[in-house]
Structures are given as structure tokens and as C-alpha cells.
Protein chains: 2
Amino acid sequence: MKVVKFGGSSLANGEQFKKVIAIVTAQPERQAVITSAPGKRFSDDIKVTDLLITYAERFLNYLDTTEVQAKIFDRYQEIAQTFELPAEGLTWLKKELQQLQERTYPSAEYLLAAFKAHGEYFNARLLTLILNHLGIKARFIDPRVVGLLVSSDPNDATVLPVTYENLARLDYADEKLIFPGFFGVTKEGEIATFSRGGSDITGAIVARGLNAELYENFTDVDAIYAANPKLVHDPYAVTKMTYREMRELSYAGFSVFHDEAIVPAIEGRVKINVKNTNHPERPGTMIIPYQEFTPITPITGISSAKHFSALYLHKFLLNKEVGFTLKILNILYKYGISYEHMPSGIDDLTIIFDNSQLTEAKKEAVSRDIRAVIQPDELRWIDDYALIMVVGEGMINRIGIMKDVILAISDHNINIHMINQGSSEVSIMLGTKSADADKAVKYIYEAFFEQK
Amino acid sequence: MKVVKFGGSSLANGEQFKKVIAIVTAQPERQAVITSAPGKRFSDDIKVTDLLITYAERFLNYLDTTEVQAKIFDRYQEIAQTFELPAEGLTWLKKELQQLQERTYPSAEYLLAAFKAHGEYFNARLLTLILNHLGIKARFIDPRVVGLLVSSDPNDATVLPVTYENLARLDYADEKLIFPGFFGVTKEGEIATFSRGGSDITGAIVARGLNAELYENFTDVDAIYAANPKLVHDPYAVTKMTYREMRELSYAGFSVFHDEAIVPAIEGRVKINVKNTNHPERPGTMIIPYQEFTPITPITGISSAKHFSALYLHKFLLNKEVGFTLKILNILYKYGISYEHMPSGIDDLTIIFDNSQLTEAKKEAVSRDIRAVIQPDELRWIDDYALIMVVGEGMINRIGIMKDVILAISDHNINIHMINQGSSEVSIMLGTKSADADKAVKYIYEAFFEQK
């Protein structure tokens, strides 16, 4: 059996629903379907999830919710009408939407989680209704009933292992199983949502729990590309990549989905196929365990991200100072800052941070503490730090790849902060000035994909 | 004024003493002289310091010391005879040598320190006597009298800051000041020796304390070379290098002297000139603060050392694990192990150790603890790890240097574990298989020094 997940844009309106239904019914093996909430139909549109957040906030602030409830209902009604569902077919939805504000919740956080989750919940029930209306056997699977159990973190839940046992016990014949994405149920019986990549993670959980042969992740792009199409004209579409290639590329900006969202599928060693709802006939990109194929190109992809900063430290005899790394880690810990990498020379240390970890005040505090504890000869922040990942399972002749990477960029006046090769078996990491990152990606792409 | 230090081979016999005296008297500025103990005169010879250690050990074991005392005395007498000192001129030395075993010491460690220190002590007094005998004004400076104060670690002492004030107060005219190297005095009045590079560090301390314009370090090589002469035929002699170049090169095997031994000179910003006692007319190598010259070559030197091992760890989502570095550092701390470098990828981490930090038992214990705490998908030791340092203040176009380094080695089937560029502004660090390190140094040397 296959698990099929559709993103918000794939379920944004009736026309998109038709594509989804065509995809789902094209193969009997496509049996488990994960829905997102209706996404944007046009660029200025508001996602149903955002409407639900507005609904929750207005309710919490004692403001009238009639209008926002109507907006939400209209989105589903529009879809229902495309399939000529009887008008009374959505009475339950209107009622449950109203009941959201009549229930009691353990906290405002749980209230918000429950409101948000209903975007997916309504869409899954609606899809089930439409399939049944079209004469297709389908059954709505409620996470609360099937036992998709999650931690008691209302808006940042993680799946509990017992979920896989519960899913394995699910009894079904040949009907489609329609799961709402994005949420599970806590031991206390409350709805809690995943933090990021909501429906993707539900798909991965279901794929593992039902021991699926394939997890098809339908989105609005044809494939994962070897480089960002905004930087490189018509980049090569990757047909196959391994889990760890995907992970290394995701780290620096590849964003078809959040890499952590598919961890359950990876744990279950389920292959993942990224496909386009609008062009389901295209092969998309297969993401597979790494033992299972022989790469044909040395490099699979190049990604870059500019949201980094670095702290450079120099002190004569630094590496003779016992425990200095520990001292620095304790300072970072004190200010609640996590770091990305810490390449060291003999008397030099660079600490690379994701900018989300830093504020000006934190940078000043860290500088002050490090000056007091380590007394460096030099302490300098590098604010415009970009990381570039050159990734490929085919990186067998590593020094040869390195040579080609260096040759690709060495004549283009690109400012390189750092080269880190060998930490990973499947990637080379470069640190550049942010202003040079896009150029570097372009030149490296050309060297590996256009000249060969 | 200049501080002049002579190594053990430069003071091994009367003929060498003549060279030393010629050097010292050639310039009135060469005023402070630091002596080592007499070294080897031929390859099977025994250094006086080692004879003194034997003397101490025999004494501690209640064995007869007559013979070893005689051997020690003979070494000094041979030197004295070269200069036709009167026979009774060394009566004091014979007496003090005997008195070494008649004194009381706080511990066997202090006893050993005092015995060892007398190799330098006797040589400094003897040199003073000979200079006076030759009609040259010279004065023996006893570290105990002048106040060369050190920590109370009998055989691993470090200098105390008050020493510099004491030396600054030293009153002298135009006479030569002859200091014995290798030892100082504790606050309790005991002799304590430095752990490594004994006379070098005394020279550096005196250079700083007397605010010398130059610290001339006389040894038995013409200069510091751009690469190990055992690996490269007739390597380029470096005429100038900066403190930090010296330090980066020393890290991986450059061993004219131990880099830490000259720290006091660096702290005092005293220039250091490494010269050859046997060819004092040759310029040697100047080691200077880094602001003071414009490099003419991009690379100053290449060094390598093979005494490293690495631990490779891989775990999916490793970098999302909060505090995992701290966990690993705590494990290392538990077993008293310090590490050299810790390059990281996204889901990979390599920890590089100096082999002196490891035993098979410690490796097993660390592996076991890391498996228990981090649960890595992969944990692997790489035992034959060499580090190569490519060093140069002239590394301005860093990506260009990197290109030349890579091109130099990429066609020679050299196995590269790691490339670390950018952590230091003046070096590139490569990790290779030990078996490939010598080849790599040779090819890199050729690329920078022979083809250009």
C-alpha cells in the first residue's frame, strides 16, 4: 500500500480536489490519504489555517467570530459545491465550527491547537464525503480514534511510539483511508499539533505505522532540483536522492518540505516520492535509503542559506588552554544559544550560529563573557555568513570533487570564509560572504551539471 | 642588548666553547648569555643531564655514585683544559657535585630537579670562569640570587610574573651576564626545572625581563626550513616568519624548539633569531611579531605530524540534538582526555585526538559511553590520522592558495580525511592517512617552492 499526502495548495479548491481524487483513484495501492487544510487559491488568498488562528484569537479576545466562521465555512462549501454535494451535507461542519468555541480546553495553547487542527480535520472529512458521493469506498480516520498519540506539547507535539502499534492494528479492506494531517491526540485526550511541516509528518507517521511500500508526497513542484531555480536557469531535476543527501541539502535551504517532518518514514525505511499534484504523470524525486542505489553523478545537489553569523576568536596558545571549549559552551548555554559548527585552527576558533539564535543583546553578552573568561587576543563577529552545501553520495573521489569545486569558484573573486571537507562523507561545506553565496552556487552548479 | 642562548651541542666540549666565546665577544650587545648543559659530542655520547639523572637515581637507590660523579666532572674538566684553566680552578665544581647528595630536599622530585639543574649551573659558572680567564668581563648570574621565581612544581615549573620585575632591577655595566638555563627558584627557595625546552624558556624569560632588542637562539641548524629536510631535498630556508606562523608550523612537527618555550619573548614582543653556532655568519631565521613585515611568498612552510587519531560519529538529525557536544565533552573530561579539533557536518562529527591522550582502554570506554549517551548510527575510530599544516602570512588570496594545494595533491592518489580552511587566517589544515602525509608535504612543497 502507498500513503499519499497532499499539501494545502493541492486541496485549496474544488478543481484541486478533482486532481487529488484522480490521483488517489488512479491506483488501488494509493490507499491512505493525508490531507492538509485548504491553502491559498491565489497569491493574496488567506489559508484556512490562518483563518482558524484568527477565529481563535478573536474568541480569546471576546470579539465577534461570526464573520470569520463564515469565511471558513465558505471555503469548504465552495469545494462541496464543485462536487454538487447536497446543501445539508455540510451541516455538521457548520455545527462543529461553532462548537469549537463552546468546548473547554486545559489552556489557551490547547485551544489554539484544537482550532488550528480543524483545517485538516474538516478537509479530511469533506474529502471522505466527496469520495463516497462519487461512489468510491472511503473512510475517515480520526487520529483520536485510531490512537495517533503525541506528547502533551499543544503546538509542538512529537509522536509517541505507541502510535505505530495502534496504526498497525488498524483493520481495513480496500477502502481509501482518509487521515487529517497536522495533529494527534495527547494521553489526556486533547488535540495537539505538530510544530512544522504538519501534514508531512502525519504522512510519514502513517507510512511507517501501516508499513507502506511508498510515501507519495504531493506538492506543487515537479521535483527536487539540483539547485535553486531562482539561482540557476532550468536546473536538473533530481530523480533519486538518499535520505542523508536530502538532509544535507535541506540544512542549507532546500525546502520542498522540512527534513525533520519525514523522520518517521526514514525510521521505517519507507521510500518517499515527491510529486506534483498538477503533473502526477511526472516521475518526481525518489528519496531512498542510501544503500539502495549506485549514484551516476558525483554531485546530487547544491544548496545555500544566508541566515548565519560567525564569531571568530584568536588567542596565542589557545589550544593549550584546557577546557576552553567547555567554557565557551557554558557561556552559550547560559544565554540559551545553540550553535551550528565550531571549526578550529591551532590558536583560532570560529563559532557559526543560525541568526535565529542571536540578538544584538545576546551577541554583546556573549562577547563580554568570552572576553572575561577566555581573554582572546581577537574577537570579531562576521555577520554576513552564508553556508553552501555541495552534496552527493557519488562523492567517492573526494579530493577530485574538491578540486572541481575550488576550480569552479577560484577565478570569480568569491570571498570564502571557510571550507569544511571530510566531516561528512557525502558533502562539502563552504562558508562564504552572503553576497557571494548565490554566485558560488551558480558556478559550482555549472561546473558539475553543465560542463559534464 | 641581545640575549644569546646556546643549546647543548653548542656547549658540548672545549672546541664548541671556543665558537660560543667567539660569538659572544663578536658584539658588545650580546650581553646576556644562557647556557645549556653539555650535550652529546658524538652520536653515542651521553648528555650531562642524563648523567645527572643517573647520579640522582643511583643515590636514591643507595648505589655507589663515585663513577658517575667522575664522568660528570670529566666532561667539565675536558672543557676547562681546552682553555688551560689552572687545575685547582674546578675544585668548587667537584665539591658541589658531591654536596648534591649531602643536602636535604623536600621530596625525591625536588632532589631530581636540583640534580638535573646542575648541568646548566656548572656550565654557566665554567663559561664565566673561562671568559674571565681570557680577560673578558663576565659575571655569573644565579637564578636563585637574581630572583628567577617559578611555581612550586619541581620538574614542571612555570615562571612567576615577579621574575620580570626582578630581572628589570638587575644592575650591570658592560660585562657579559652568564645565566644557567633550565631552572628557577621556588618561593620556598628550592630549585625547580622547566618541563620542556629548558634553556630556550630561560632565554625567553631573560629577553623579556631585560627588555632585549633581540633573542638569538643558537642551535645546530642553519635556519628553520620551509619543509622537513627528511621529506624534501634541500628545502628553502625561511629567513623571516611571524610568531603565529612559527606556532602553526610547530603544532605539526616543526621542532627547532618547542613553541611554548619562547612565549615570554613573544609576550615581550622580542624578535627571535634562530642561528647556527657552527655558522654564525649565516642569517638564520628571524621570528617576529606579525605586523612588521610584508610577506613575499604566499606560503612560509609546510609541516606534518602523524601522531593523531580520530573518532567519526554519524547520527541522523545529530545537529538537532541539543547539547550533544557538551555530552561528548563531558565524556572526554570524565576520562581525562583532551582533544585537538572537532570538525562537524550536519549529522556527522569527527573528533581528532593526539595519540598521547589515548589508550586502547580509554578508546573503548569513550566508545561505550558515547554509544550509551548519543546512540550514534555509526561510530568508527580512524587510527592512522596525520595532520598537515600549510602556513603563510602571505595567504591573502586564500581560495587561490587552496586551489594550488588541491591541485598539488589531487592527482597523486592521496587519501584526504579532512580539509579545514578558514579557521585560521594563516593556515590550511589537512587530515590525511598517515601513509600519505609525507607524499602530500612533498607535492605541496614542490607546488609552492619549486615551480614558482
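Every chain is numbered from 1 and lettered A, B, ... according to where its sequence line falls, protein lines coming before strand lines.
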Inset, instruction - Inspect the contact between R247(A) and D347(B) and indicate whether a charged nitrogen and a carboxylate oxygen are less than 4.0 angstrom apart. - result: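 Answer for the salt bridge query: yes.
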
Side chain, backbone, both or neither: which part of [X] has an atom under 4.5 Å from a heavy atom of chain B?
X	result
M342(A)	backbone
Y243(A)	both
L332(A)	neither
S344(A)	both
H341(A)	both
N413(A)	neither

Legend entry - Structural part of E340(B) lying under 4.5 Å from a heavy atom of chain A: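 Contact with chain A: backbone and side chain both.
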
Inset, instruction - Please flag which part of D411(B) lies under 4.5 Å from any non-hydrogen atom of chain A: side chain, backbone, both or neither. - result: side chain

Legend entry - Least distance between heavy atoms, I399(B) atom then I416(A) atom: CD1-CG1, 3.6 Å

Inset, instruction - May I ask you to decide if G345(A)'s main-chain N or O and N420(B)'s side chain share a donor-acceptor pair within less than 3.5 Å? - result: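 A pair under 3.5 Å: no.
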
Got a second to check how far [X]'s [atom1] is from [Y]'s [atom2], nearest 0.5 Å?
X	Y	atom1	atom2	value
H314(A)	E425(B)	NE2	CD	8.0 Å
L407(A)	S410(B)	CG	OG	8.0 Å
I406(B)	Q421(A)	CD1	CD	7.5 Å

Legend entry - Interface residue of largest heavy-atom contact number with chain A, from L329(B), I266(B), I428(B), N415(B), under 4.5 Å: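 If we count pairs closer than 4.5 Å to chain A, L329(B) comes out on top.
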
Inset, instruction - Among the options L326(A), T350(A), L313(A), I414(A), pick out the one with the most heavy-atom pairs lying under 4.5 Å from chain B. - result: L326(A)

Inset, instruction - Residue by residue, scan residues 430-438 of chain B and write down, ordered by number, those that have a heavy-atom distance under 4.5 Å to chain A; if none do, write 'none'. - result: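 Answer by number: none.
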
Inset, instruction - Check whether any side-chain heavy atom of E248(A) sits under 4.5 Å from a side-chain heavy atom of D348(B), and report yes or no. - result: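 E248(A) reaches D348(B) side chain to side chain.
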
